[in-house]
Amino acid sequence: MRADLLTDDIAGLDEALAAVDGFDEALVGGLLRPQPGQAGALAGLADAVAGSPLASRVAEAAEKAAAGAAGEDHFVALAAARTALLGSVHDALTARIEEAVDRPRAEESGTAPAGGEEHAANLHAAARSWLCDLARAGWRGIDHELVGGAAPVVSAMLPDPALRRPATLLDGFAAELAASCPGATLERVPVRRWADLWSRALLLTLPGAAPAPAVAEVSGRLLPLGVDVQEHATAVQAQVHAVFEPADGGTPRLVRASVSAPKPDTVVGAGLWQLLRPRMSLLAAVSEGRAVELDAMPLTAEGDLVWDDARARTGGPAEVFTTARVALPAAAAFATSPLDRHPARIAVPVLLEGYAVETAEEDGGTVAFQVAGQRLAVDTDRVPAAGPLTPEAVASSGACLGLLRWDAGEFLLQPLAVERTVRKKAVAVHAGAWAGGTTDKAGVRAEKAAIDAVKVLRERAGKLLRK
């Protein structure tokens, strides 16, 4: 990997992010009575897209918002400009990664599915109205009455499968805001996150913005690379990154398969697999180091497998680092859809070897790799507690398979698996090694605790239902 390319400046990147940051700060104080600083930030956003098809609409929206007279169409235009700028940042960073790893470029999918006629226009309009009220009040101006305005909209949306995506986003966003009310007393505002949620929610309410994803059925061999575990107090998701080799001999592709489950906050660590394992057989194959044969498995245009256990069977052995050395370099990624183009979504599988490790105990034991004379930070905080991979294992490794991400202005590596030398033999340690079960003492204890916790909760739920 040409690590020097990951540290070189990218033309226009800082300017695009500065325009986004300025607008995000303007949302903190609200746009009902904008101050001069907010007006300048709005003008900066308009200037950043001056050479695009959005130019005239965003310029008008910025002018109206600076005067405190912005309407729904104006807020939509500002959200679109912000999303377009972050999309351009995503594309620039992705192109740089592809150049650094010398891998086939992401292929654009075919014709996008038609959005069709707007479904439940009244509910979308109600959602936009609430989001516009949020922008006028600002994050410092939120209170329970304002945030509670989302509840009837979400309640009306959730029963309709076609509206589940925006409804879930609105529900989660409103819950975060409610937990932070009143905004005037907040010590710290998650400026970027709430602006991300606001702009995405607003655009998803537009006609045709969230069409049903284009899905094709594929057959071939799936070679797992690793598992990324994302945990929340009430939910957990495991996302398997893999190389898919089509049965017809076509180009190998980078794909993902995800499984999610609700969880009580008492289930942590290896106990998470108790919730996820019954929902996807792929997890067992990952922990056993085996391939999976797919037969007509649904695959979206963005590279996400819509997993169906009935269309998968366990195949032969497939050692992860062999896959990374042989199959990964030729695997092409799928293109990302416009609304999903965001720097936070970047997660590119890469294999690093022959690096030097540096640790900084004064910074809490942070780890970095020296790759061809360039420093690459390692995000060991993303290593899940639900597996045997630890920061210490990463620090003593000689090869690392991970996800290349971008955060806080730099590229980071999230380890999925490492190779260490133990008694002169290469030993692999995987983050997802316990996905299908474990004999490790710590893992067994965590799983037993999870079983006990879930059993107690089910008994309590049963008693409540009987009442």
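Source: prediction; values computed, not measured. Side chains are part of it too, since the values below use all heavy atoms of this structure and drop only hydrogens, waters and symmetry mates.
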Exercise for the section: Return the minimal non-hydrogen interatomic distance between P415 and L389, and the atom names on each side. Expected result: O-CD2, 3.9 Å

Completion exercise
Scanning both residues in full, the closest heavy-atom pair of S258 with M280 reads O-SD, 4.1 Å

Problem - Atom pair CG/CG of L416 and L351 - distance to nearest 0.5 Å - result: 11.0 Å

Exercise for the section: Taking all non-hydrogen atoms of both residues into account, name the closest pair between P388 and A431 and its distance. Expected result: CD-O, 4.4 Å

Problem - Sidechain-backbone polar pair: R256 side chain, E302 backbone, donor-acceptor under 3.5 Å - result: yes

Completion exercise
SG of C400 to CG of L413, rounded to nearest 0.5 Å, is 4.5 Å

Completion exercise
Rounded to the nearest 0.5 angstrom, the CG-CZ distance for L225 and F321 is 10.0 Å

Practice task
Please check if the side chain of S180 supplies one atom and the backbone of E176 the other of a donor-acceptor pair under 3.5 Å.
Solution key: yes

Practice task
For residues H144 and V147, determine if any side-chain heavy atom of one lies less than 4.5 Å from a side-chain heavy atom of the other.
Solution key: no

Handout entry: Side-chain (R253) to main-chain (A332) donor-acceptor, under 3.5 angstrom
Key = yes

Handout entry: Presence of salt bridge, R193 and D196, under 4.0 angstrom
Key = no

Problem - Polar side-chain atom of S396 near backbone of E392 as donor-acceptor pair, under 3.5 Å - result: yes

Exercise for the section: Decide yes or no for R313 and V292: does some side-chain heavy atom of the first lie under 4.5 Å from some side-chain heavy atom of the second? Expected result: no

Exercise for the section: Indicate yes or no for a side-chain donor-acceptor contact from S287 to the backbone of G436 under 3.5 Å, with no hydrogens or angles considered. Expected result: yes

Exercise for the section: Taking the side chain as every heavy atom from C-beta outward, state whether T83 and R200 have any pair of such atoms under 4.5 Å apart. Expected result: no

Exercise for the section: Look up atom CG in L401 and atom CZ in R325, then write down how far apart they are to the nearest 0.5 Å. Expected result: 9.5 Å

Practice task
Report yes if some heavy atom in the side chain of D309 is under 4.5 Å from a heavy atom in the side chain of W307; otherwise report no.
Solution key: yes

Problem - Salt bridge flag under 4.0 Å for residues R221 and E245 - result: yes

Exercise for the section: Take R290 and T314 through the side chain to side chain donor-acceptor pair (under 3.5 Å) test and state the conclusion after the steps. Expected result: CA-CA 7 Å; R290 306 187 75 84; T314 304; 5.9 Å; no

Handout entry: Side chains of W434 and L283 in contact at under 4.5 Å (non-hydrogen atoms)
Key = no

Exercise for the section: In plain terms, say whether R405 and D407 are close enough for a salt bridge, that is, a side-chain N and a carboxylate O under 4.0 Å apart. Expected result: no

Problem - D102, CG atom: more than 12 neighbouring heavy atoms under 6.0 Å - result: no

Handout entry: Minimum side-chain heavy-atom gap L403-V348 below 4.5 Å
Key = no

Exercise for the section: Check whether any side-chain N or O of R341 sits under 3.5 Å from a backbone N or O of T336 as a donor-acceptor pair, and report yes or no. Expected result: yes

Problem - Side-chain donor/acceptor of R103 to backbone N/O of A330, under 3.5 Å - result: no

Practice task
Report yes if some heavy atom in the side chain of V286 is under 4.5 Å from a heavy atom in the side chain of V320; otherwise report no.
Solution key: no

Handout entry: Atom pair CG/CZ of L305 and F244 - distance to nearest 0.5 Å
Key = 7.5 Å

Practice task
May I ask you to say whether D340 pairs ionically with R165, meaning some side-chain N is under 4.0 Å from a carboxylate O?
Solution key: yes

Problem - Sidechain-backbone polar pair: T421 side chain, K425 backbone, donor-acceptor under 3.5 Å - result: no

Practice task
Output yes when a side-chain donor or acceptor of T390 lies under 3.5 Å from a complementary backbone atom of A393, and no otherwise.
Solution key: yes

Exercise for the section: Indicate the atoms forming the closest heavy-atom contact of V28 with V191, along with that distance. Expected result: CG2-CG2, 3.9 Å

Practice task
Answer yes or no: is there an ion pair linking R82 with D21, defined by an N-O contact shorter than 4.0 Å?
Solution key: no

Exercise for the section: Compute the ring centroids of W194 and W139, then answer whether they are less than 6.0 Å apart. Expected result: yes

Practice task
Decide whether D91 and S88 meet the rule of one side-chain donor and one side-chain acceptor closer than 3.5 Å.
Solution key: no

Handout entry: Close side-chain approach of E231 and Q237, heavy atoms under 4.5 Å
Key = no

Problem - Exam field: side chain R420 to backbone A426, donor-acceptor pair closer than 3.5 Å - result: no

Completion exercise
In terms of heavy-atom contacts, L17 and V89 come closest through CD2-CG2, 4.1 Å

Completion exercise
The reported gap from NZ in K263 to CG in L272 (rounded to nearest 0.5 angstrom) is 6.0 Å

